[in-house]
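Shown next, in structure tokens, is the structure this report addresses.
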Number of protein chains: 2
Amino acid sequence: MTTSAPRTPARPTPRERLLDAAAGLFYRDGVNIGVDALCKAAGVSKRSMYQLFGSKDEVLAASLERSGPGYQALLLPPADDSRPPRAQVLHVFERLDQLSAGPEYQGCPFVSTATELKDPDHPASVVARGFKQQLTAFFHAQAARAGASDPETLARQLTIVFDGAGARTVVQGHPLDGLATATATVLLDAAGVV
Amino acid sequence: MTTSAPRTPARPTPRERLLDAAAGLFYRDGVNIGVDALCKAAGVSKRSMYQLFGSKDEVLAASLERSGPGYQALLLPPADDSRPPRAQVLHVFERLDQLSAGPEYQGCPFVSTATELKDPDHPASVVARGFKQQLTAFFHAQAARAGASDPETLARQLTIVFDGAGARTVVQGHPLDGLATATATVLLDAAGVV
DNA sequence: ACCAACGTACACCGATCGGTTTCCTCCTGT
DNA sequence: ACAGGAGGAAACCGATCGGTGTACGTTGGT
């Protein structure tokens, strides 16, 4: 293989290490893990962290912001997907059903973070709200493309199923077994999305 | 001996004050509020708290356990309700739609607690799981009574909608405007529950 | 009237919290 | 070769964490 291995091992910058570690730790252990533990996991000194970010809350918000695109790529169909709307919407729920079977799955990180923070004005809550709106927007676009009678409502309902499926996994502690996909299918059928 | 019939409605016992304050504070501020704040709010000394409970975690679990019946009474139709299954199920979602409009609403307390704790073996997580199963059992009973084709799946789907509606309220920060009821209606229709 | 149990007030413990500061090492541009 | 900045290690800060120990009221049963 002629894969290009960078001459310089190019260790990620402290900022990247910090945000990646933060995304993982905040998701796994909650937003109340300490700054010390976070910096230790990231291999970054507290001093550097506080030069890069104004506070732990900003780190949290930035880590959510950074992990957003990857999370979407994990769930949404590729941008050049040419399948009909129904298949593209169901793609998301099939992914969710798969994800929920992973031992690491703790529900949607945006929902978890917003739930833990309580404060809707917290910068991380704002980020979380934004990504949820993007998910709803995707559903809305597909619903509209399919000529659904009420694409706005359908999109919101699909988002509710998405978040509810995540919550169920957290509380019950076992995978969804296709329940998310099955529920989304019912909504799509009822809305006449083929 | 200690518990005689309360002829005079005396001040609640420290245990009751503690559990009531705990339910409110844990719900509003999350499971990470301090023992000092909790005891101060309850008007109970830390000493008494640690004589009544082994740890803060036990207080949390006990407060969830205590608030469970009241929460169910808030959502479920009365036990002697004679309406058809569909109406009884929709009753829950109408209540949820109403609740979500209240300024204090922070989502389902059981889901919130389980989400914050992460640990599924935490005593409070066990309590939360139990109450969610009771809600699902109610849906299941109604679905079976209505002769739904797959009452088990329908009950789980309704629970997902319930929790998803709560999550949406938390993340988006505005009421559901009938969205929970509307979504449940779609599921009931599809399952042939009249 | 007395005593024991109950409950409060409060000091105290080690650990950890978010955040700041100091010091020193290492890497890089010139 | 050398200056200077970036960044890590760790001490340090006051506050708070969960939890305990002690001492002082208050109350009810006999």
Side-chain angles (χ1 to χ4, degrees), chain A residues 6-26 28-64 113 116-119 121-125, chain B residues 1-23 25-26 28-64 113 116-119 121-125:
Chain A
R7 293 185 78 267
T8 51
R11 192 183 184 208
T13 68
R15 181 169 212 276
E16 290 166 334
R17 275 179 282 151
L18 203 41
L19 292 182
D20 288 342
L25 276 186
F26 283 138
R28 180 149 46 90
D29 301 329
V31 300
N32 281 291
I33 57 147
V35 171
D36 290 295
L38 169 60
C39 288
K40 187 178 164 191
V44 169
S45 69
K46 288 173 72 175
R47 184 182 183 276
S48 298
M49 188 197 109
Y50 280 104
Q51 276 169 210
L52 291 164
F53 300 95
S55 67
K56 175 194 171 185
D57 298 281
E58 286 184 21
V59 177
L60 173 58
S63 74
L64 266 198
T113 303
E116 291 178 55
L117 290 176
K118 313 284 184 194
D119 177 11
D121 297 326
H122 189 292
S125 297
Chain B
M1 292 276 182
T2 53
T3 54
S4 56
R7 301 185 54 82
T8 60
R11 189 181 186 210
T13 68
R15 182 170 211 275
E16 290 166 333
R17 276 179 282 152
L18 202 41
L19 292 182
D20 288 343
L25 277 187
F26 283 137
R28 181 150 44 91
D29 300 331
V31 300
N32 281 292
I33 56 147
V35 171
D36 290 297
L38 169 59
C39 288
K40 188 178 163 189
V44 169
S45 69
K46 283 173 75 175
R47 206 72 198 86
S48 298
M49 188 198 111
Y50 280 104
Q51 277 166 212
L52 292 164
F53 300 95
S55 67
K56 176 192 170 186
D57 298 281
E58 287 186 20
V59 176
L60 173 58
S63 75
L64 267 197
T113 302
E116 290 179 56
L117 291 177
K118 313 285 184 194
D119 177 12
D121 297 325
H122 190 292
S125 297

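Because only heavy atoms are used, hydrogens play no part in the values below, and waters and symmetry mates are left out as well, while side chains stay in. Letters A, B, ... mirror the listed sequences (proteins, then strands); counts begin at 1.
Among the heavy atoms of the strands, none lies under 4.0 Å from R15(A). Contacts of L18(A) with the nucleic acid, taken as non-hydrogen atoms under 4.0 Å apart, are absent.
When the P atom of dG19(C) is taken as reference, atom CZ of F53(A) falls 13 Å away, rounded to whole Å. The distance between atom NZ of K56(B) and atom P of dC17(D), rounded to the nearest whole Å, is 8 Å. Between the OH atom of Y50(B) and the P atom of dT22(D) there is a distance of 18 Å, rounded to whole Å. For the pair K46(A) NZ and dT22(C) P, the interatomic distance rounds to 15 Å; values are reported in whole Å. Going from atom CG of N32(A) over to atom C1' of dG18(D) covers 14 Å, rounded to whole Å. What separates CG of D57(A) from P of dC17(C) is a distance of 15 Å, to the nearest Å. Rounded to whole Å, atom P of dG18(D) lies 11 Å from atom NE2 of H122(B). Spacing between atom CD1 of I33(B) and atom C1' of dA15(D) amounts to 17 Å, rounded to whole angstrom units.
Listed candidates were dT8(C), dT20(D), dG19(C). Nearest to the side chain of R17(B) is dT8(C). Proximity note for S45(B) (side chain, C-beta onward) versus dT8(C), dT20(D), dG8(D): the nearest is dT8(C). When each of dT8(C), dT20(D), dG8(D) is scored by its nearest atom to the side-chain atoms of V44(B), the top-ranked nucleotide is dT8(C).
Contact record, L19(B) with A62(B): CD2-CB, 3.7 Å, taken as the closest heavy-atom pair. When all heavy atoms of D57(A) and P123(A) are compared, the closest pair comes out as O-CG, 4.5 Å. Taking every heavy atom of both residues into account, R17(B) and P12(B) meet most closely at NE-O, 3.2 Å.
With DNA chain D read from its 5' end, the first of the two nearest nucleotides for D36(A) and Q51(A) is the one closest to Q51(A). Heavy-atom nearest nucleotides on DNA chain C were determined for V31(A) and for R47(A), and the one closer to the 5' end corresponds to V31(A). Of the two residues contacting DNA chain C, namely G34(A) and S48(B), the nearest-nucleotide position lying further toward the 5' end is that of S48(B).
Note: K46(A) NZ to Q51(A) CD = 13.5 Å, rounded to the nearest 0.5 Å. One distance of note links CG of L25(A) with CG of L60(A); it measures 11.5 Å at 0.5 Å rounding.
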